[in-house]
Amino acid sequence: MAKYAVIKQNYEFRRAYHRGKSFVSPYLVAYCFKKRYGGIKMGITSGKKIGNAVARNRSRRIIREAYRSIYPELSGNWDIVFVARTAVLYKKSTYIAAVMRKQLREAGVLN
RNA sequence: UGAGUAGAAUAAACGGUCGCGUGCUUUGCUCCAAAGGGCAUUGCAUGAGGAAAGUCCGAGCAUCGCAGGGCAAGGAUAACGGCUAACGGCCGCCGAGGGUGACCUUAGGGAAAGUGCAACAGAGAUAUACCGCCAAUCUUCGGAUUGGUAAGGGUGGAAAGGCGAGGUAAGAGCUCACCGGCUGUGCGGGAGACCGGACAGCCCUGUAAACCCUAUCCGAUGCAACAUCGUGGUGGAACAUUUUGCGGCUGCCCGUCGCGUUCCUGGGAGAUGGCUGGAGCUGUGCAGCAAUGUACAGUCGAGAUAGAUGACCGUUCACGACAGAACUCGGCUUACAGUUCUGCUCACGUC
RNA sequence: GGCCCGGUGGUCAAGAGGCCUAAGACUCCGCCCUUUCACGGCGGCAACACGAGUUCGAAUCUCGUCCGGGUCA
């Protein structure tokens with residue numbers, strides 16, 4: 001976890017849900033919130049709807065791997081929260097990375 | 001060969017590149033008096049399960065309570081012997097039930113200590129007499145009344161043990177033989193539950209996963225326990241109570257209000273420990289029917305804290321089920337694609 | 001991770017071994033009333049989370065699953 005910053009506090013998640021812009025796809029939802037300082041921070045939510053513990057871990061790993069491939073290209077001060085959906089379990093991380101790249105370009109995080 | 005039954009093992013494999021957690025390590029920068037620490041980085045090692053799950057039992061460990069012992073309340077368990085740290089677990093065995101059999105199931109003490117409950121049906125539910133049967137009396141000869149009886153009918157989950165003979169007005173364990181059950185005495189076998197005979201007495205509804213009785217066991221709470229460091233605020237003590245400064249009312253001036261330091265107490269942000277070497281694992285020998293125990297040799301196999309196993313490429317196959325450690329063990333229960341092995345049983349065929 | 005409750009028609013719910021073939025209210029359907037709608041009246045449909053066990057008999061008692069909820073400051 002040393003390479004990229006991680007969102008830990010509950011208020012940061014809530015701030016992203018309420019005031020961030022959302023971008024939807026069948027595999028994941030991205031909430032992006034622009035800050036004044038603090039750099040790029042990322043958080044993942046995989047709720048009970050995804051399934052059991054194995055499925056929740058699996059969804060987090062795929063999203064984290066996709067984010068890892070995109071992370072060096074990001075710049076600015078943003079809080080990004082990804083919410084996993086059930087369909088993410090049946091896709092490869094490279095496919096998810098392409099979807100995520102499109103969402104982040106829409107948000108303006110990625111140029 | 002087919003069908004079945006009991007048990008055990010395994011939980012896709014191999015190679016390459018990038019990435020993550022932990023431990024050790026290389027180098028650089030940095031904090032520090034030092035010990036040591038922080039950040040980045042190099043290399044090596046290692047990194048989820050048989051159920052990690054449910055949280056249903058039993059323990060370790062920790063805090064609180066408690067001199068020690070007993071009683072009561074509440075809860076749990078229930079044939080017998082053994083194993084175990086302990087258990088409601090396991091092994092063996094007995095009884096009961098099921099299966100042609102291998103084998104499987106079994107909350108399996110006490111209803112003869114007491115209390116309660118048993119709807120509907122039925123004459124009657126722990127005590128009786130509706131239809132019957134028999135006798136006596138009366139009779140309008142259809143039957144009625146009184147008494148005896150419980151074999152037969154019908155109801156029900158259950159109706160005073162079953163069946164045969166004797167007996168009788170009709171009948172009845174009323175009597176007898178056989179069978180069944182209960183209680184007591186004594187005999188043989190067994191470690192015991194229990195099994196097999198003998199004698200005497202008796203023949204009694206079920207329900208204790210209804211209250212209850214008997215025997216045995218149990219203090220409460222749980223790692224978000226707990227210990228240490230420690231911020232703000234609280235309380236107490238000592239010193240100071242002048243100036244300067246800061247903040248609020250209020251953007252500025254005036255005015256006005258508040259604000260000190262040290263030690264102790266206390267424990268709420270946060271941090272560290274607890275945190276993994278243990279009733280451990282593997283192999284062999286010995287004891288035991290087995291559960292298990294023991295001796296020797298070898299071995300160290302996760303420890304996170306938003307929570308580590310992923311991605312891509314190549315090869316092979318049966319194309320991969322259920323499913324993710326969170327203080328740790330022993331069990332139980334539940335979920336589960338396949339593959340392999342072993343013991344045994346039944347049926348058919350051949351020699 | 002630990003601890004503790006609950007599950008009855010579409011909804012809210014009573015029943016705590018037999019009178020249960022399961023009360024009641026709202027909803028829904030049909031009929032009546034009204035010129036029509038509403039209100040009202042009459043009638044009807046519809047449920048014991050699932051699987052075993054104890055018992056003559058289980059929504060109720062026992063055990064195990066599956067869901068739902070609460071709680072730790």
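In what follows, chains carry the letters A, B, and so on, assigned in the order in which the sequence lines appear, proteins first and then strands, with residues in each chain numbered from 1. What you see is a predicted model; the values in this text were computed from it and never measured.
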Using the C1' atoms only, state how far B:A59 lies from B:A35, rounded to an integer number of Å.
43 Å
Considering only atom C1', compute the distance from B:U342 to B:U17 and round it to an integer number of Å.
46 Å
Please state how far atom OH in A:Tyr67 lies from atom P in B:C18, giving the value in whole angstrom units.
22 Å
When both distances are under 3.5 Å in a Watson-Crick or G-U wobble arrangement, the nucleotide paired with B:C94 is B:G108
Could you give the distance from CZ (A:Arg19) to NZ (A:Lys35), rounded to the nearest 0.5 Å?
12.0 Å
Between A:Leu28 and A:Met100, does a side-chain contact (heavy atoms from CB on, under 4.5 Å) hold up when you go through it step by step?
CA-CA 8 Å; A:Leu28 76 163; A:Met100 189 184 289; 4.1 Å; yes
By the 4.0 Å heavy-atom rule, please label A:Ser69 as base, sugar-phosphate, or nothing.
nothing
Just label B:G173 as syn or anti from its O4'-C1'-N9-C4 or O4'-C1'-N1-C2 angle, using within 90° of 0 for syn.
syn
Let's see if you can work this out: which of B:C18, B:A311, B:G324 has an atom nearest to the side-chain heavy atoms of A:Ser93?
B:A311
Considering every strand shown, what is the Watson-Crick or G-U wobble mate of B:U328 when both distances are under 3.5 Å?
B:A59
B:A169: syn or anti, with syn meaning chi within 90° of zero?
anti
Interatomic distance, A:Ile62 CD1 vs B:C20 C1' [rounded to whole Å]
16 Å
Taking only the side-chain nitrogens and oxygens of A:Lys41, find out if one of them lies under 4.0 Å from OP1 or OP2 of B:A306.
no
Pairwise C1' distance for C:A13 and C:U54, with rounding to whole Å:
30 Å
Taking the same atom, P, in B:G157 and in B:A165, what whole-Å distance lies between them?
33 Å
With syn defined as a glycosidic angle within 90 degrees of 0 and anti as anything else, the base of B:G301 is syn
Assign each of A:Glu65 and A:Arg60 the nucleotide of RNA chain B bearing its closest heavy atom; nearer the 5' end lies the nucleotide of A:Arg60
Interatomic distance, A:Asp79 CG vs B:A306 P [rounded to whole Å]
16 Å
For A:Tyr27 and A:Leu89, run side-chain contact (heavy atoms from CB on, under 4.5 Å): C-alpha distance rounded to whole Å, both residues' side-chain angles, the deciding distance at 0.1 Å, then the answer.
CA-CA 8 Å; A:Tyr27 313 105; A:Leu89 299 171; over 6 Å; no
If we take the C1' atom in both B:G310 and B:G47, what is their distance in whole Å?
14 Å
Evaluate the criterion side-chain contact (heavy atoms from CB on, under 4.5 Å) for residue pair A:Phe82 and A:Met42; output intermediate values, then yes/no.
CA-CA 8 Å; A:Phe82 297 106; A:Met42 186 273 286; 3.7 Å; yes
Checking N1-N3 plus N6-O4 or O6-N4 for Watson-Crick, or N1-O2 and O6-N3 for wobble, each under 3.5 Å, the partner of B:G164 is B:C176
For B:G255, which nucleotide in any strand shown is its Watson-Crick or wobble partner with both distances under 3.5 Å?
B:C249
For A:Glu106 and A:Lys21, what are the C-alpha separation, side-chain angles and deciding distance, and is it a salt bridge (charged side-chain N to carboxylate O under 4.0 Å, His left out)?
CA-CA 10 Å; A:Glu106 254 181 85; A:Lys21 288 185 285 185; over 6 Å; no
Can you tell me, in whole Å, how much space there is between the P of B:G16 and that of B:G285?
39 Å
Which nucleotide, if any, forms a Watson-Crick or G-U wobble pair with B:A113, using both distances under 3.5 Å?
none
Tell which nucleotide pairs with B:C24, taking only Watson-Crick or G-U wobble pairs whose two distances are both under 3.5 angstrom.
B:G43
Chi-based syn or anti call at B:G50, which uses purine or pyrimidine torsion atoms and a 90° bound:
syn
Taking pairing as Watson-Crick or G-U wobble with both contacts under 3.5 Å, can you name the mate of C:G57, or confirm there isn't one?
none
Pick the closest RNA chain B nucleotide for A:Lys91 and for A:Ile44 by heavy atoms, then say which residue is nearer the 5' end.
A:Ile44
Nucleotide B:A302, atom P - distance to CG of A:Asn57 in whole Å
19 Å
How many Å lie between CE on A:Met42 and P on B:C20, as a whole number?
13 Å
Side-chain N or O of A:Asn52 closer than 4.0 Å to phosphate OP1/OP2 of B:A53
no
Touch class at under 4.0 angstrom, heavy-atom based, for A:Arg58 against every strand present
sugar-phosphate
A:Arg61 vs B:U309: side-chain N/O to OP1/OP2 distance below 4.0 Å:
yes
With rounding to whole Å, what would you report as the distance between B:C229 and B:G248 at their P atoms?
38 Å
Spacing of CZ belonging to A:Arg61 relative to CD1 belonging to A:Ile44, to within rounding of 0.5 Å
11.5 Å
Once you apply the 3.5 Å cut-off to both distances, tell me the Watson-Crick or G-U wobble partner of B:U137, or none.
B:A144
Atom CD1 of A:Ile63 and atom P of B:A311 are separated, to the nearest Å, by 13 Å
Chi class for B:G142: syn within 90° of 0, otherwise anti:
syn
Output yes when a side-chain donor or acceptor of A:Glu65 lies under 3.5 Å from a complementary backbone atom of A:Ser93, and no otherwise.
no
What do you reckon, are the aromatic ring centroids of A:Phe33 and A:Tyr17 less than 6.0 Å apart?
no
Tell me: CZ of A:Arg64 to P of B:A304, nearest whole Å?
16 Å
Using the C1' atom in both, what is the distance from B:U216 to B:G109, to the nearest Å?
12 Å
